[in-house]
Number of protein chains: 2
Amino acid sequence: MTGKPRTNNLVERVMARLGADIRGGRLGPGARLPTEQELTASMGVSRTVVREAVAALRADGLVVTRRGSGAYVADPAASPFRIAAPHAADLGEILDVMELRLAVEVEAAALAAERATRKQIAAIRMALRSIDRALRGGDGAVAEDFAFHCAIAEATGNRQFPRFLAFLGNHVIPRQSVRLAVDTPAERRAYLERIQHEHGRIVAGISAEDPAEARRAMHEHLTRSLERYRNLARRSVDG
Amino acid sequence: MTGKPRTNNLVERVMARLGADIRGGRLGPGARLPTEQELTASMGVSRTVVREAVAALRADGLVVTRRGSGAYVADPAASPFRIAAPHAADLGEILDVMELRLAVEVEAAALAAERATRKQIAAIRMALRSIDRALRGGDGAVAEDFAFHCAIAEATGNRQFPRFLAFLGNHVIPRQSVRLAVDTPAERRAYLERIQHEHGRIVAGISAEDPAEARRAMHEHLTRSLERYRNLARRSVDG
DNA sequence: TCAATAAAGTTGTCTGACAACTTCATCGAC
DNA sequence: GTCGATGAAGTTGTCAGACAACTTTATTGA
């Protein structure tokens, strides 16, 4: 029924079981975990393995340990927010995360329009020129595109924005790389040029210190990007 | 100079050192960590401690281990995004996170307006009535307010939004509780009524399937909230 | 009844050992 | 000389036992 364990790693097996008990609610906040002795017995592993598993769960913020007393399920309020790397296979999950990214970037553009320093605007402009250069070189300019968006996030003056984007960018920018394979060179050039036009409009909004315009421009830019990706998802599902 | 270690926990001490080496760039992605033997020697702890520290770092996604080969700094692209619970003392950090929340909630309102099912809209309306009831009972309705925002996040149909909000809500809703202490009862009632009026406008936008209006309403609502908090921060700093 | 004390239980740390696997140098055949 | 096989050394994974530090509970005594 349960099948063989997917991993040879004993620590992960113990982690998986305890993690499931916690997240599944069988062990509520504040509940005490089985003692190390009980776990070694019930799972047939050594204390070393149990302790490493608990150490990992502690690092995840799921449990706290009290010497002499036991290990307890942590208050969820104290555990940090995490977004695991979405499985590349799960298109739905990727789309969900992309929407979250859109939310963050749209506001970032508006904040950048309100607060960007001259230096930061110059950095954004430079990133835009880097994309131009890469495009003229026949490149997809994926890295340059990402750097451009990061420059805007930096210009918010809010450290959470670049942090968030830096994470998402690593996972959720299959844009060009995924898409370019299915297009003709002519379509591709047209597509990249339109992208760059959209970028230009975003920069104009920020430079003009017009948050509403910056927001609109970024929103349209990312909505189109999302829409393309959604079509791709539909296509790969239907046919 | 460095002072005594803040923790008695040896595992955390080793984690702190390795984590600092990694995040500080002294150990770049792909770099190999010192062997367990070297770490036991250089830090004067047992192998047990070193192994638990490495297990924790692995759980954090900072390190991957290869049996027979060594432990390596993970590709940052594979490590999950985390927002640690902001220190309550650090007002600037809280404001930063609140801006991130604003970004997410504004888009959530728009998505809810596009996609909410009848059932979801009913849930939002019910949450709104719960706030009403609590207010009439003389309560601050903090929990009910949070539930209202969560209901909107649910109505996006995107699981990432409620997840994100569920985390932030636990940390960043000192709104009323902080503020109410400094106001007269009359001011307080007026304030809460205006909040509720803003809520009503958000619901109207969502019900009318008008994303632009829902977005505007939510944006104004949260911007005011943020502004109040900013003033509070200024006040507590200046005087 | 209540406080001090003892005992049992639990996590934290140390030590030593072996298994499983990787890496690299050495050696031998061609 | 080149290339593959072999073996040794090094490294992580797991097990076992022990003691220290601390908490909780039960016992005892006033």
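Reminder, nothing fancy here: chain letters follow the sequence lines and each chain counts from 1.
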Trainee: What distance separates A:Thr65 OG1 from A:Leu57 CG, expressed to the nearest 0.5 Å?
Mentor: 11.0 Å

Trainee: How would you list all residue pairs meeting salt bridge (Lys or Arg N to Asp or Glu O under 4.0 Å) that involve residues 39-48 of chain B, not counting sequence neighbours?
Mentor: B:Glu36-B:Arg47

Trainee: With sugar-phosphate meaning primed atoms plus P, OP1 and OP2, does A:Thr35 contact a base, only sugar-phosphate, or nothing at under 4.0 Å between heavy atoms?
Mentor: sugar-phosphate

Trainee: Distance check, rounded to the nearest 0.5 Å: A:Glu105 atom CD versus A:Ser225 atom OG?
Mentor: 9.5 Å

Trainee: Rounded to the nearest angstrom, tell me the gap between atom CG in A:Leu10 and atom P in D:dA16.
Mentor: 12 Å

Trainee: So, is B:Arg66 close to the D:dG10 phosphate, meaning a side-chain N or O under 4.0 Å from OP1 or OP2?
Mentor: no

Trainee: With heavy atoms under 4.0 Å as the rule, sort B:Val54 into base, sugar-phosphate or nothing.
Mentor: nothing

Trainee: With DNA chain D as reference, determine whether A:Tyr72 or A:Arg67 sits nearer its 5' end, using the nearest nucleotide of each.
Mentor: A:Arg67

Trainee: Rounding to a whole Å, what distance do you find between A:Glu36:CD and D:dC15:P?
Mentor: 14 Å

Trainee: Taking only side-chain N and O atoms of A:Ser69, does any of them lie within less than 4.0 angstrom of OP1 or OP2 on D:dT23?
Mentor: no

Trainee: Quick one: do B:Glu227 and B:Arg230 make a salt bridge, cutoff under 4.0 Å?
Mentor: yes

Trainee: Atom CD of A:Gln37 and atom C1' of D:dA18: how far apart are they, to the nearest Å?
Mentor: 14 Å

Trainee: What are the bounds, 5' to 3', of the part of DNA chain C that sits under 4.0 Å from heavy atoms of chain A?
Mentor: C:dG9 to C:dT13

Trainee: From CD of A:Glu52 over to C1' of D:dT14, roughly how many Å is that when rounded to an integer?
Mentor: 9 Å

Trainee: Quick one: sort the A:His149 and A:His199 rings into parallel, tilted or perpendicular, breaks at 30° and 60°.
Mentor: perpendicular

Trainee: Looking only at non-hydrogen atoms, find the nearest pair between A:Ala74 and A:Gly61 and report the distance.
Mentor: CB-O, 3.4 Å

